[in-house]
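Have a look at the structure below before the remarks.
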Amino acid sequence: MENFYQICKECNSRLSSDEKAIYMKLIDRTATEFLCLDCLGEKLGCGRAALEERIRYYRESGNCVLFR
C-alpha cells in the first residue's frame, strides 16, 4: 500500500500534522495544500520560531481543535 502524506507546495518537504494545522489556523481553514513552517514563516515575515511558539500556545491552551 502506498504512503499518503502532504507536501509543502513550495519546497516539496513532507509536512507534519502541526504544520498543516497552523497553516489552516492562520491562512485558510479549508486548505488542501499547505506550506511547511519555513516557507510559511517566510511568507508571513515572522520566521519559523514564531510559528513554533504559536503552535505550542495553541496546543497548550487546548482550545483549538486543530491542535488536539
Side-chain angles (χ1 to χ4, degrees):
M1 183 173 198
E2 189 176 331
N3 289 331
F4 293 99
Y5 55 88
Q6 292 287 150
I7 59 170
C8 174
K9 62 183 179 178
E10 290 292 319
C11 70
N12 295 320
S13 64
R14 188 180 286 197
L15 299 173
S16 70
S17 59
D18 282 343
E19 287 173 308
K20 292 186 282 186
I22 197 67
Y23 186 88
M24 292 174 78
K25 181 75 173 177
L26 299 177
I27 305 298
D28 180 2
R29 187 71 171 227
T30 62
T32 57
E33 294 183 316
F34 309 92
L35 293 173
C36 67
L37 289 181
D38 292 323
C39 293
L40 182 58
E42 185 176 319
K43 176 181 177 168
L44 297 177
C46 65
R48 180 184 185 99
L51 294 173
E52 289 173 338
E53 181 59 35
R54 186 57 42 179
I55 289 169
R56 194 169 17 265
Y57 168 78
Y58 288 127
R59 186 168 297 288
E60 289 173 2
S61 75
N63 294 327
C64 183
V65 297
L66 294 172
F67 295 94
R68 290 187 182 161

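On a predicted model such as this, the values are computed, not experimentally measured, just so you know. Note: hydrogens, waters and symmetry copies are ignored here, and every other heavy atom, side chains too, is used.
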Are L15 and I27 connected, step by step, through hydrophobic side chains (Ile, Leu, Val, Met, Phe, Trp, Tyr) whose heavy atoms are closer than 4.5 Å?
yes
How about R29: does its CZ atom have over 12 heavy atoms from other parts shown lying under 6.0 Å from it?
no
After noting the C-alpha distance and the side-chain angles of Y23 and K43, does the key distance pass the side chain to side chain donor-acceptor pair (under 3.5 Å) rule?
CA-CA 11 Å; Y23 186 88; K43 176 181 177 168; 4.7 Å; no
Is it possible for you to check whether R59 lies under 6.0 Å from the centre of the six-membered ring of Y57, through NZ or CZ, and within 45° of that ring's axis?
no
For residues G62 and R68, report the shortest heavy-atom separation together with the two atoms involved.
O-NH2, 2.8 Å
Does any N or O in the side chain of E10 come within less than 3.5 Å of the main-chain N or O of C39, such that one atom is a donor and the other an acceptor?
no
Where do C36 and C11 come nearest, in terms of heavy atoms and distance?
SG-SG, 3.7 Å
So which heavy atom on A21 is nearest to which on L66, and how close?
CB-O, 3.5 Å
May I have the step-by-step check of side-chain contact (heavy atoms from CB on, under 4.5 Å) for L51 and L26, ending in yes or no?
CA-CA 10 Å; L51 294 173; L26 299 177; 3.7 Å; yes
Presence of salt bridge, E52 and R56, under 4.0 angstrom:
no
Is the NZ or CZ atom of R14 positioned over Y5's six-membered ring, under 6.0 angstrom from the centre and within 45° of the axis?
yes
Is there a path from I7 to L35 through hydrophobic residues (I, L, V, M, F, W, Y) whose side chains come within less than 4.5 Å of each other?
no
Check the side chains of T30 and D28 for a donor-acceptor pair under 3.5 angstrom, ignoring hydrogens and angles.
yes
How long is the straight-line distance from CZ of F34 back to CG of L40, given to the nearest 0.5 Å?
11.5 Å
Kindly confirm or rule out a cation-pi arrangement of K25 over F67, judged by NZ or CZ under 6.0 Å from the six-membered ring centre and within 45° of its axis?
no
Nearest-0.5 Å distance that lies between atom CD1 in I55 and atom OG in S16
6.5 Å
